[in-house]
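These notes are about the structure you will find just below.
Here is the naming used below: chain letters follow the sequence lines, and residue numbers restart at 1 for every chain.
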Amino acid sequence: MLDLRYVADNLDAVSENLKKRGNALDLGEAAKLSQERRRTIGETEALKAQKNTVSSEIARLKREKLDALSLIEEMKAVADKIKVLDARLAEIEEQLAEIMYSIPNLLDASVPFGKDSDDNPEVRRSPIAPREFSFLPEAHWDIGERLKILSPSEGAKITGARFTVYRGFGARLERALINFMLDTHTQNGYTEVFPPFMVNRDSMYGTGQLPKFEEDMFAISGTDYFLVPTAEVPVTNLHRGDILNEADLTIKYCAYTACFRAEAGSAGRDTRGLIRQHQFNKVELVKFARPEDSLAELESLTRDAEGILEALKLPYRVVTLCSGDVGFSSAKTYDLEVYMPSYQRYVEISSCSTFTDFQARRANIRYRDSSGKVKLLHTLNGSGLAVGRTVAAILENYQNADGTVSVPEVLQKYMGTDTIR
RNA sequence: GGAGAGAUGGCAGAGUUCGGUUGAAUGCGCUCGACUCGAAAUCGAGUGAGCUGGGGACAGCUCCGUGGGUUCAAAUCCCACUUUCUCCGCCA
């Protein structure tokens with residue numbers, strides 16, 4: 001959520017910035033409501049001040065056993081007026097909230113202009129280039145079925161489409177990656193967190209999944225809980241409502257969770273393999289930073305995520321999301337894309353963003369600076385990494401002519417083998 | 001799932017019986033100052049957040065788990081919910 005005051009005072013600059021995302025928004029209504037809100041607050045507060053003064057006068061009269069009846073009668077009318085104005089104010093604030101919740105974050109000045117993912121400029125590439133195969137490489141879904149380590153049909157049988165059962169070394173590889181990633185990140189100063197896989201509505205609002213993206217979420221019927229679409233939600237909300245100490249910033253967390261996404265609107269896309277599942281595993285990095293550190297922290301967070309791909313010796317590249325491709329809550333995003341031979345292109349495996357104070361304002365996450373002032377902080381997060389896609393990338397990039405798959409060196413101790421056959 | 005007891009400021013903890021001078025006693029913590037060569041102890045002063053108005057000093061409003069209600073007036077009364085603890089039941 002943006003700062004209402006800032007929006008109302010800088011209508012042109014804000015709509016100019018939002019226009020780069022490709023969706024024109026009319027902020028006039030918000031500005032109008034904001035004015036009406038302030039005016040109504042002024043009116044009610046004057047009445048409330050009067051009521052408070054007279055009420056203590058009534059208290060005094062009562063104590064002195066004097067007659068207060070006429071004042072009480074008078075205040076009845078004032079109380080009624082206040083009730084009406086308060087109801088009107090609640091109405092205004094509800095409308096205002098609806099508008100404010102629907103406005104995306106302002107883009108950082110460094111975000112390049114562009115229409116969609118085709119316009120995302122490349123920042124850098126891994127030292128390792130995509131491999132030249134001396135044989136016809138298989139897609140990971142074919143490798144998975146042939147080696148009997150991935151079973152989409154069993155997933156479909158016990159649950160449905162876009163669910164996969166991992167078996168044997170497939171299951172072991174998934175687990176090895178989770179452990180390897182967490183081990184690496186904790187060594188880099190991230191505190192490991194293992195949160196619930198379900199969160200309440202307030203948490204979903206806090207990080208911006210609600211109210212706009214409810215149809216992408218799985219809700220638990222009979223409760224007001226949602227399955228987490230990413231660990232970002234529970235981990236960021238760890239500090240919802242908190243005032244943190246500046247000395248404790250930057251706070252760095254890493255967390256493994258399963259992630260659940262309805263993938264509404266993705267029918268027909270990536271139907272084979274592990275790329276787009278309703279349930280997948282992910283290790284997430286989350287930071288709480290001072291505003292002045294946020295861009296630098298985004299760089300280091302991106303590097304930390306890249307470290308996993310580097311250690312796994314996978315070919316990848318980093319792109320900056322252009323203005324038309326940046327997510328709703330983000331001010332700036334780097335995507336890490338791993339080369340996927342089956343797609344013959346780079347495929348997103350991590351998304352690293354700074355949300356500036358957008359989530360912090362919604363979730364009310366603040367810190368006290370050295371002068372004692374309370375300020376909103378900045379939240380950041382990035383995948384480090386999406387585990388299922390990493391399995392897919394390893395299977396495809398490490399496949400051998402004889403049909404086996406080599407195990408990346410750093411994973412061998414976790415796997416207990418150097419080859420999946 | 002059943003019964004009972006709680007939820008108050010950074011923490012501990014009064015106040016809730018009998019609604020009014022309580023944004024909230026007291027203690028601890030923290031900040032600044034005094035004392036000291038320095039520190040501890042001691043003494044003094046200060047120490048929540050948000051919103052509205054104002055250039056500012058400041059003034060007003062709101063907040064005692066959350067949301068409603070009663071009342072001129074609610075931390076205090078009523079209702080619902082959430083959550084913590086204790087006991088019972090059930091259970092990996």
Under 6.0 Å between the ring centres of [X] and [Y]?
| X | Y | answer |
| --- | --- | --- |
| A/H378 | A/F358 | no |
| A/Y346 | A/Y339 | yes |
| A/F213 | A/F328 | yes |
| A/Y101 | A/Y205 | yes |

>> Please give the distance between the C1' atoms of B/rG48 and B/rC43 as a whole number of Å.
In response: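 Nearest-Å result for B/rG48 against B/rC43 at atom C1': 26 Å.
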> Quantified in whole Å, what is the P atom distance between nucleotide B/rU76 and nucleotide B/rG19?
Replying inline: 12 Å
>> Looking only at the side chain of A/K62 (C-beta and beyond, no hydrogens), which of the listed nucleotides B/rC72, B/rU52, B/rU83 gets closest?
In response: B/rC72
> Which nucleotide in the set B/rA73, B/rA49, B/rG20 lies at the smallest distance from any side-chain heavy atom of A/A79?
Replying inline: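 Comparing B/rA73, B/rA49, B/rG20 against the side chain of A/A79, the answer is B/rA73.
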>> Judged by each residue's nearest nucleotide on RNA chain B, which is more toward the 5′ side, A/K51 or A/K375?
In response: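 It is A/K375 whose nearest nucleotide is closer to the 5' end.
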> Closer to the 5' end of RNA chain B via nearest nucleotide, is it A/Q50 or A/R37?
Replying inline: A/R37
Look at [X] and [N] and indicate whether a side-chain polar atom (N or O) is within less than 4.0 Å of OP1 or OP2.
| X | N | result |
| --- | --- | --- |
| A/R5 | B/rG53 | yes |
| A/K83 | B/rU70 | yes |
| A/R368 | B/rG10 | no |
| A/K76 | B/rC72 | yes |
| A/R38 | B/rG53 | yes |
| A/N52 | B/rU62 | yes |

Pairing nucleotide - [N], Watson-Crick or G-U, each distance under 3.5 Å:
| N | value |
| --- | --- |
| B/rC64 | none |
| B/rG46 | B/rC30 |
| B/rU70 | none |
| B/rA41 | none |

> Expressed in angstrom and rounded to an integer, what is the separation of A/D80 atom CG from B/rG69 atom C1'?
Replying inline: 15 Å
>> A cation-pi test, strictly: NZ or CZ of A/K252 under 6.0 Å from the centre of the six-membered ring of A/Y190 and no more than 45 degrees from its axis. Yes or no?
In response: yes
